[in-house]
Amino acid sequence: MQTTVPPEIAPRFLLPDASGHFGEFGGIFAPETLVTPLAELTEAYLDARANPDFQNEFSALLREYAGRPTLLYRADKLTRYLGGAKIYLKREDLLHTGAHKINNAIGQILLAKHMGKRRIIAETGAGQHGTATAAVCARFGLECVIYMGETDMERQSLNVYRMRLMGAEVRPVSTGQKTLKDAVNEAFRDWVANSRTTHYVIGTAYGAHPFPMMVRDFQQVISSESRAQILQAEGRLPDHVVACVGGGSNAIGAFFNYLDEPQVTLTGVEAGGRAIIPGEHAARFAGGRFGVLQGCATYILQDSEGQIEGTHSVSAGLDYAAVGPEHAYYWKRGRIHFSHANDGETLDAFKLLCREEGILPALESSHALAYAVKIAPKMSPDQILLVNLSGRGDKDVWHAARALGELLPT
Ligand SMILES: *Cc1c(COP(=O)(O)O)cnc(C)c1O
């Protein structure tokens with residue numbers, strides 16, 4: 001049932017259509033057993049979206065538990081160093097649990113509670129989404145199971161322990177490459193068996209309808225805030241907004257409320273990895289093709305037989321073979337541009353923000369910064385460049401040190 005959309009969800013963009021399509025992208029590619037749970041979820045979500053009580057409860061939790069609104073920080077020293085556009089950072093890194101993922105975890109778990117579901121499952125790669133989900137489950141007293149590939153569990157043992165401290169059960173996944181894609185498959189298997197009691201919290205703007213729409217709605221608070229903040233600070237909109245793109249949730253959140261402002265350039269930055277050759281990167285718009293993976297139609301890294309290619313990135317959060325369908329839609333129509341930053345440029349940008357501003361960014365967010373480093377000097381000092389700092393880099397210090405060839409004491 002399509003109901004009216006409250007103003008805070010920006011009624012200008014009613015995509016996707018009723019079948020979950022963003023043009024030729026998106027949709028519902030799911031096993032028969034999930035068709036009913038997905039339809040129930042869509043109906044419950046559309047009701048909640050139109051319900052002021054739900055929206056108020058969501059806003060209160062964002063404010064009181066997650067720490068919103070986040071700062072819009074004018075990075076004067078970085079601006080002087082790069083010598084071009086005036087740079088602002090949207091500080092999603094200051095949120096509880098360290099990244100924008102908490103916005104979506106709160107929204108979906110609140111919805112699950114309204115639907116009477118007492119059990120929450122989620123997949124996680126690097127552990128950020130698992131940590132946000134575990135935290136919100138602890139807050140609501142809900143049972144929480146996190147699926148995580150065994151390889152990722154080894155690489156992210158600290159996050160595994162954080163999730164367990166907050167009461168979540170972390171289930172190792174030993175199939176396939178034992179990473180994110182395999183964890184998603186296991187979470188879906190669980191949901192098929194337990195959908196009556198269980199909600200599956202997908203961590204990005206990806207998957208079968210209604211997930212890409214729902215996650216986008218929960219993340220659009222980023223640009224609803226940044227828009228008001230920049231108008232207050234500068235009396236006008238930014239010239240360019242930049243965000244990193246894994247599945248695409250922080251980027252669509254950071255772009256959403258600028259989509260109908262053609263003078264605002266929007267650029268998503270993908271993981272260029274070691275090089276744009278198969279298996280060495282995760283830049284879907286640089287090396288991908290149209291296809292279907294894990295619930296929806298979109299741009300995917302695949303070989304000529306349709307086999308999913310391996311991916312690589314210095315940041316685990318951008319290391320996925322497919323991109324959210326809404327990004328594919330706006331890319332095809334030229335509204336959102338895409339670029340990529342390679343591992344080396346990303347590590348340089350990571351170090352630069354630490355040194356110039358005393359802010360330690362996530363390696364994912366450092367991809368957006370790397371692109372800003374390239375374009376800011378080509379822009380004029382009266383132009384405004386807004387970079388979405390999706391998360392903080394504390395989780396990445398070890399990995400960054402190793403990648404930079406420095407040895408830390410154990
Ligand atoms: C997970 C993550 C990302 C990538 O996910 P999106 O859905 O593309 O936003 C980016 N930055 C940080 C800090 C993350 O934790």
Side-chain angles (χ1 to χ4, degrees), residues 70 89-105 107-108 122-133 135 148 152 156 159 162 179-180 183-184 201-207 211-212 214-223 241-256 267-271 282-285 294 298-299 311 313-328 336 338 340-341 346 349-350 353 359-371 387-397 399-400:
T70 59
L89 304 176
K90 180 62 173 158
R91 300 287 310 273
E92 296 295 293
D93 61 307
L94 295 174
L95 287 171
H96 179 44
T97 68
H100 68 291
K101 296 233 167 56
I102 193 89
N103 303 326
N104 170 52
Q108 286 201 46
E123 85 294 341
T124 199
Q128 288 304 104
H129 173 53
T131 302
T133 302
M148 191 169 186
D152 290 335
Q156 299 287 337
N159 270 335
R162 283 212 287 173
T179 58
L180 178 61
V184 172
V201 183
I202 290 185
T204 187
Y206 195 80
F211 284 105
M214 187 164 67
V215 177
R216 171 255 268 159
D217 289 352
F218 291 140
Q219 294 290 0
Q220 64 83 32
V221 65
I222 301 172
S223 53
V241 183
V242 177
C244 67
V245 184
S249 70
N250 89 88
I252 201 68
F255 296 160
F256 190 70
T267 301
V269 186
E270 298 183 288
R284 289 69 44 108
F285 293 112
Q294 292 185 322
T298 184
Y299 258 67
T311 50
S313 169
V314 69
S315 69
L318 305 188
D319 201 348
Y320 186 61
V323 65
E326 193 164 8
H327 286 289
I336 302 179
F338 286 85
H340 47 83
T346 298
F350 171 84
L353 197 69
I359 295 171
L360 209 158
L363 284 173
E364 290 84 1
S365 322
S366 300
H367 285 75
L369 287 166
Y371 183 72
V387 181
N388 196 45
L389 211 63
S390 54
R392 72 179 82 125
D394 305 49
K395 68 183 176 62
D396 295 321
V397 172
H399 189 62

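Any value given below was found using the heavy atoms of this structure, including those in side chains, with hydrogens, waters and symmetry copies removed. Atoms within each ligand, like the ligands themselves, are counted from 1 in listed order.
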Polar contact flag for [X] and ligand 1 (N/O pairs, less than 3.5 Å):
{"X": "Cys244", "result": "no"}
{"X": "Gly247", "result": "yes"}
{"X": "His100", "result": "yes"}
{"X": "Asn250", "result": "yes"}
{"X": "Gly246", "result": "yes"}
{"X": "Thr204", "result": "yes"}

Could you walk me through whether Thr133 and Gln108 satisfy the side chain to side chain contact (heavy atoms under 4.5 Å, CB included) test, starting with their C-alpha distance in whole Å, then the side-chain angles of each, then the deciding distance to 0.1 Å, before giving a yes or no? CA-CA 9 Å; Thr133 302; Gln108 286 201 46; over 6 Å; no

Does a salt bridge link Lys395 with Glu364, judged by any charged N lying under 4.0 Å from a carboxylate O? yes

Is there a side chain to side chain contact (heavy atoms under 4.5 Å, CB included) between Thr204 and Val215? Walk through the geometry before answering. CA-CA 6 Å; Thr204 187; Val215 177; 5.6 Å; no

Under 4.0 Å from a heavy atom of [X]: give me the atoms of ligand 1 that qualify, with their elements.
{"X": "Gly391", "value": "13 (C)"}
{"X": "Gly317", "value": "4 (C)"}
{"X": "Ser390", "value": "10 (C), 11 (N), 12 (C), 13 (C)"}
{"X": "Ala362", "value": "13 (C)"}
{"X": "Gly248", "value": "6 (P), 7 (O), 8 (O)"}
{"X": "Gln128", "value": "15 (O)"}

Pick from Leu89, Leu353, Val241, Val269: which one makes a side chain to side chain contact (heavy atoms under 4.5 Å, CB included) with Val387? Leu89

Passes ring-ring contact (aromatic ring centres under 6.0 Å, His included), His327 versus Phe338? Steps please. CA-CA 9 Å; His327 286 289; Phe338 286 85; 5.7 Å; yes

Note: Ser249, heavy atoms under 4.0 Å from ligand 1, region reported as both

Heavy-atom pairs closer than 4.0 Å: do any link ligand 1 to the side chain of Lys101, the backbone, both, or neither? side chain

Heavy-atom closest contact (Asp319 atom, Ala282 atom, distance): CA-CB, 4.3 Å

Verify the ring-centre separation between Phe285 and Tyr299: is it less than 6.0 angstrom? yes

Side chains of Glu326 and Tyr206 only: does a donor on one sit below 3.5 Å from an acceptor on the other? no

How many angstroms lie between atom NE2 of His129 and atom CG of Asn104, to the nearest 0.5 angstrom? 6.5 Å

